[in-house]
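Structure record follows, encoded as structure tokens.
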Amino acid sequence: MIEWIADNLQRVLGLAGLHSVLAAAATLIGLVLALVLGMLVARTRWTAGAMLAISGVLFTIPSLTLLIFIPVLLGTKILDPINIVIALSVYSFALLFGGVVEALRAVPVETRQAAEAMGIGRLRLLFTVELPIAIPVIAATLRVAAVSNVSLVSVGALIGVGGLGDLFTEGFQRSYLVPIIWGILLSVLLALVFDMIVVLIERVSTPWVKAGEQR
């Protein structure tokens, strides 16, 4: 085990780096799309309902099917890593959109009314009152999306895109367990790192939550 990783360290680090970039890019794109659309439709019940239905359908599309059709639809090359980013961005959006809408809807009416009574406009109310209050709920969904993306990037190895999934395909092709075990360990480690980053960002952006817990 140790000897194998020592002999293949540079390659494994390269695969882990590509894996991290693909998962992070998809998570960020999905988050931005979910935030923008979620903020636009949260207060319009029928629009939000329709969008939630669409996001639910998107999440049911099998990943391999999506990876095969994206090059056909967009004209990208079959081995282009952008296919993985687009596919996982779709899943991230599908996961995060519902969380964003529900989090914004859960903001107490009294809080909105108090802010409006102070003369705070709609846009400012959204960014300075509603969105900060919604952060903990959105972050909880984001943790699921980030960890899921770390796991799903491995699927890209089946079409030769790369990432830690290459260790799985190599192990299966050679009937050799060592690269598979390292692939699993590093994927779990990467997922934990992504989760910790989201938790850290949440704590930094919501200092009032920690202050409330200490009282």
Shortest non-hydrogen contact from [X] to [Y]?
X: Ala25; Y: Ser89; result: O-OG, 4.5 Å
X: Ala23; Y: Thr27; result: O-OG1, 2.7 Å
X: Ala115; Y: Leu125; result: CB-CD1, 3.3 Å

Criterion side chain to side chain contact (heavy atoms under 4.5 Å, CB included) against Leu88, the qualifying member of Val155, Leu152, Leu22, Val150: Leu152
Name of the residue among Ile201, Val199, Leu200 meeting side chain to side chain contact (heavy atoms under 4.5 Å, CB included) with Ile197: Ile201
To the closest 0.5 Å, what do you measure between [atom1] ([X]) and [atom2] ([Y])?
X: Phe168; Y: Ile181; atom1: CZ; atom2: CD1; result: 11.0 Å
X: Thr47; Y: Leu37; atom1: OG1; atom2: CG; result: 11.0 Å
X: Asp195; Y: Arg143; atom1: CG; atom2: CZ; result: 4.0 Å
X: Trp182; Y: Leu9; atom1: CH2; atom2: CG; result: 9.5 Å
X: Ile86; Y: Thr76; atom1: CD1; atom2: OG1; result: 6.0 Å
X: Thr128; Y: Ile133; atom1: OG1; atom2: CD1; result: 9.5 Å

Mind checking whether [X] and [Y] have side chains closer than 4.5 Å, heavy atoms only?
X: Leu131; Y: Ile138; result: yes
X: Arg112; Y: Val129; result: no
X: His19; Y: Ser154; result: yes
X: Leu190; Y: Ser20; result: yes
X: Pro132; Y: Thr206; result: no
X: Met39; Y: Phe127; result: yes
X: Val153; Y: Leu164; result: no
X: Pro136; Y: Glu202; result: yes

Nonpolar side-chain network containing Met196, other nodes, edges under 4.5 Å: none
Is there a path of hydrophobic side-chain contacts, each under 4.5 Å between heavy atoms of I/L/V/M/F/W/Y residues, joining [Y] to [X]?
X: Leu33; Y: Ile70; result: yes
X: Leu142; Y: Val147; result: no
X: Ile184; Y: Val193; result: no
X: Leu58; Y: Ile84; result: yes
X: Val198; Y: Val21; result: no

Test log, rule side chain to side chain contact (heavy atoms under 4.5 Å, CB included), inputs Ser92 and Asn149: CA-CA 8 Å; Ser92 297; Asn149 282 340; 2.7 Å; yes
Which atom pairs, donor and acceptor, lie under 3.5 Å between side-chain atoms of residues 94-107 and protein residues at least two apart or in another chain?
| unit_1 | atom_1 | unit_2 | atom_2 | d |
| --- | --- | --- | --- | --- |
| Arg105 | NE | Ala42 | O | 3.3 |

Verdict with reasoning, Leu167 to Leu15, per side chain to side chain contact (heavy atoms under 4.5 Å, CB included): CA-CA 9 Å; Leu167 301 181; Leu15 293 175; 3.9 Å; yes
Within 6.0 angstrom of Ile82 CD1, more than 12 heavy atoms from elsewhere: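 Check fails, neighbour count at 12 or below.
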Ala145 backbone acceptor or donor facing Tyr91 side chain under 3.5 Å: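 Side chain of Tyr91 to backbone of Ala145: no pair is present.
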Test item: Asn8 side-chain N/O and Trp4 main-chain N/O as donor-acceptor pair under 3.5 Å: yes
Lys/Arg-Asp/Glu bridge criterion (N-O < 4.0 Å) met for Glu130, Arg124: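 No, Glu130 and Arg124 are not salt-bridged.
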Charged N-O contact under 4.0 Å between Glu170 and Arg174: yes
